[in-house]
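Here the structure is a predicted model, which is why all the values come from computation and not from measurement. Atom set for the values below is all heavy atoms of this structure, side chains included, hydrogens, waters and symmetry mates excluded.
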Amino acid sequence: MSKKKETVRIIAVALATKEDAARVVRETVQLQLSQEAAIVERDLLIKDISERSNNGIDLIAAAISERMAQLQQWADTHPEEFAKDARSLKLSGHTIGWKLGNHATRLLKGWTWKKVVAALETTRKRIREKYLRVVTEPNKEAMVSDRRRAKLLARYGVEIIQAETFYLEPNREGQAEPTIQGDKQEAKAA
């Protein structure tokens with residue numbers, strides 16, 4: 001099932017006077033505040049539903065973990081139930097067993113990644129080049145701070161831009177301040 005992309009077409013009526021603009025500012029601020037309140041209300045409902053649902057999900061996860069531990073203990077103590085060199089077994093039409101994960105690096109006792117890098121930096125070139133990564137990327141922050149050197153930057157295919165965005169900053173005096181906590185937005189008590 002493919003998702004159809006929706007396009008919203010905005011038709012703006014030109015404002016003729018400063019009074020018209022002031023009216024639209026008031027309407028827009030009211031809409032912004034209504035939107036923020038609706039987001040807070042939605043997020044509180046989602047939080048409540050998640051908390052109630054997670055209790056049941058956590059109980060199920062605990063029951064699964066307990067049973068998996070029992071099955072692994074049984075399998076560890078009854079290797080004769082598995083065919084020679086077999087790492088799995090069918091029980092009641094389902095498969096239990098062991099599977100190998102992906103290869104991964106792990107530090108030896110007493111080592112840190114910083115110590116590994118230091119040791120590799122002092123080894124032979126062939127090993128150093130194989131086991132150390134050097135990432136080269138443009139330093140965009142340095143380019144922005146050198147923005148007055150436009151000709152030099154243009155020589156390397158870069159220009160520094162600064163976009164301007166139209167905005168409306170509502171006066172929130174007397175309004176509850178929306179706050180963001182993690183991914184949730186909640187209103188502070190006024």
Asks: For the pair Lys115 (side chain) and Gly110 (backbone), establish whether a donor and an acceptor sit closer than 3.5 Å, ignoring hydrogens and angles.
Replies: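 Present.
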Asks: Heavy-atom count around Gln35 CD within 6.0 Å, excluding the residue itself: above 12?
Replies: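 Count not over threshold, so no.
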Asks: Using modelled atom types and a 3.5 Å cut-off, is there a donor and acceptor pairing between side-chain atoms of Thr123 and backbone atoms of Leu120?
Replies: no
Asks: Which atom pair, heavy atoms only, marks the closest approach of Ala21 to Leu15?
Replies: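 Here Ala21 and Leu15 meet closest at CA-CD1, 3.7 Å.
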Asks: Return the NZ to CZ distance between Lys99 and Arg87, rounded to the nearest 0.5 Å.
Replies: 12.5 Å
Asks: Test of understanding: with salt bridge (Lys or Arg N to Asp or Glu O under 4.0 Å), list the residues that count as partners of Glu81, not counting sequence neighbours.
Replies: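 With neighbours one apart ignored, the set is empty.
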Asks: Applying salt bridge (Lys or Arg N to Asp or Glu O under 4.0 Å), can you list everything that pairs with Glu27, at least two apart in sequence or on another chain?
Replies: Arg23
Asks: Side-chain heavy atoms nearer than 4.5 Å, only ILVMFWY residues, links allowed to pass through others: does that put Leu107 and Leu132 together?
Replies: yes
Asks: Give, for atom OG of Ser53 and atom CD1 of Ile46, the distance between the pair rounded to the nearest 0.5 Å.
Replies: 11.5 Å
Asks: Check this for me: does any side-chain nitrogen of one of Arg52 and Asp48 sit under 4.0 Å from a carboxylate oxygen of the other?
Replies: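 Yes.
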Asks: Would you compute the distance between atom CD1 of Ile49 and atom CG of Leu44 and round it to the nearest 0.5 angstrom?
Replies: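 Interatomic distance, Ile49 CD1 to Leu44 CG, rounded to 0.5 Å: 11.0 Å.
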Asks: Is there a path of hydrophobic side-chain contacts, each under 4.5 Å between heavy atoms of I, L, V, M, F, W or Y residues, that connects Leu31 with Leu168?
Replies: no
Asks: Would you say Ile127 and Leu108 are hydrophobically clustered, going by side-chain heavy atoms of ILVMFWY under 4.5 Å?
Replies: yes
Asks: Is there any side chain to side chain donor-acceptor pair (under 3.5 Å) pair reaching into residues 64-74, and which pairs are they, with sequence neighbours excluded?
Replies: Trp74-His78
Asks: Working to the nearest 0.5 Å, report the span between CG of Leu71 and CD1 of Ile64.
Replies: 11.5 Å
Asks: Once ring pair (Phe, Tyr, Trp, His ring centres under 6.0 Å) is applied, do any residues pair with Trp98, and if so which ones, sequence neighbours excluded?
Replies: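 Checked Trp98 against ring pair (Phe, Tyr, Trp, His ring centres under 6.0 Å); matches are Phe82.
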Asks: Output all residues satisfying side-chain hydrogen bond (donor to acceptor under 3.5 Å, both in side chains) with Asn55, sequence neighbours left out; order by chain, then residue number.
Replies: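 Partners of Asn55 under the side-chain hydrogen bond (donor to acceptor under 3.5 Å, both in side chains) test: none.
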Asks: Testing the basics here: between Val29 and Pro170, what is the closest heavy-atom pair and its distance to 0.1 Å?
Replies: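 For Val29 and Pro170, the tightest heavy-atom pair comes out as CG1-CB, 3.8 Å.
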Asks: Side chains of Lys47 and Leu45: closer than 4.5 Å at any heavy-atom pair?
Replies: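 Counting from C-beta outward, Lys47 and Leu45 never come under 4.5 Å.
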Asks: With side chain to side chain contact (heavy atoms under 4.5 Å, CB included) as the criterion, how do Glu36 and Glu41 come out once you've worked through the C-alpha distance, each side chain's angles and the decisive distance to 0.1 Å?
Replies: CA-CA 9 Å; Glu36 289 171 4; Glu41 186 177 333; over 6 Å; no
Asks: Let me confirm one number: the CZ-CH2 distance from Arg106 to Trp111, rounded to the nearest 0.5 Å.
Replies: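 These two atoms lie 15.5 Å from each other.
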Asks: Let me have the donor-acceptor pairs involving side chains of residues 138-156, under 3.5 Å, with sequence neighbours excluded, atom names and distances please.
Replies:
{"from": "Asn139", "atom 1": "OD1", "to": "Glu141", "atom 2": "N", "distance (Å)": "3.4"}
{"from": "Asn139", "atom 1": "OD1", "to": "Ala142", "atom 2": "N", "distance (Å)": "3.1"}
{"from": "Ser145", "atom 1": "OG", "to": "Ala142", "atom 2": "O", "distance (Å)": "2.9"}
{"from": "Arg147", "atom 1": "NH1", "to": "Val144", "atom 2": "O", "distance (Å)": "2.9"}

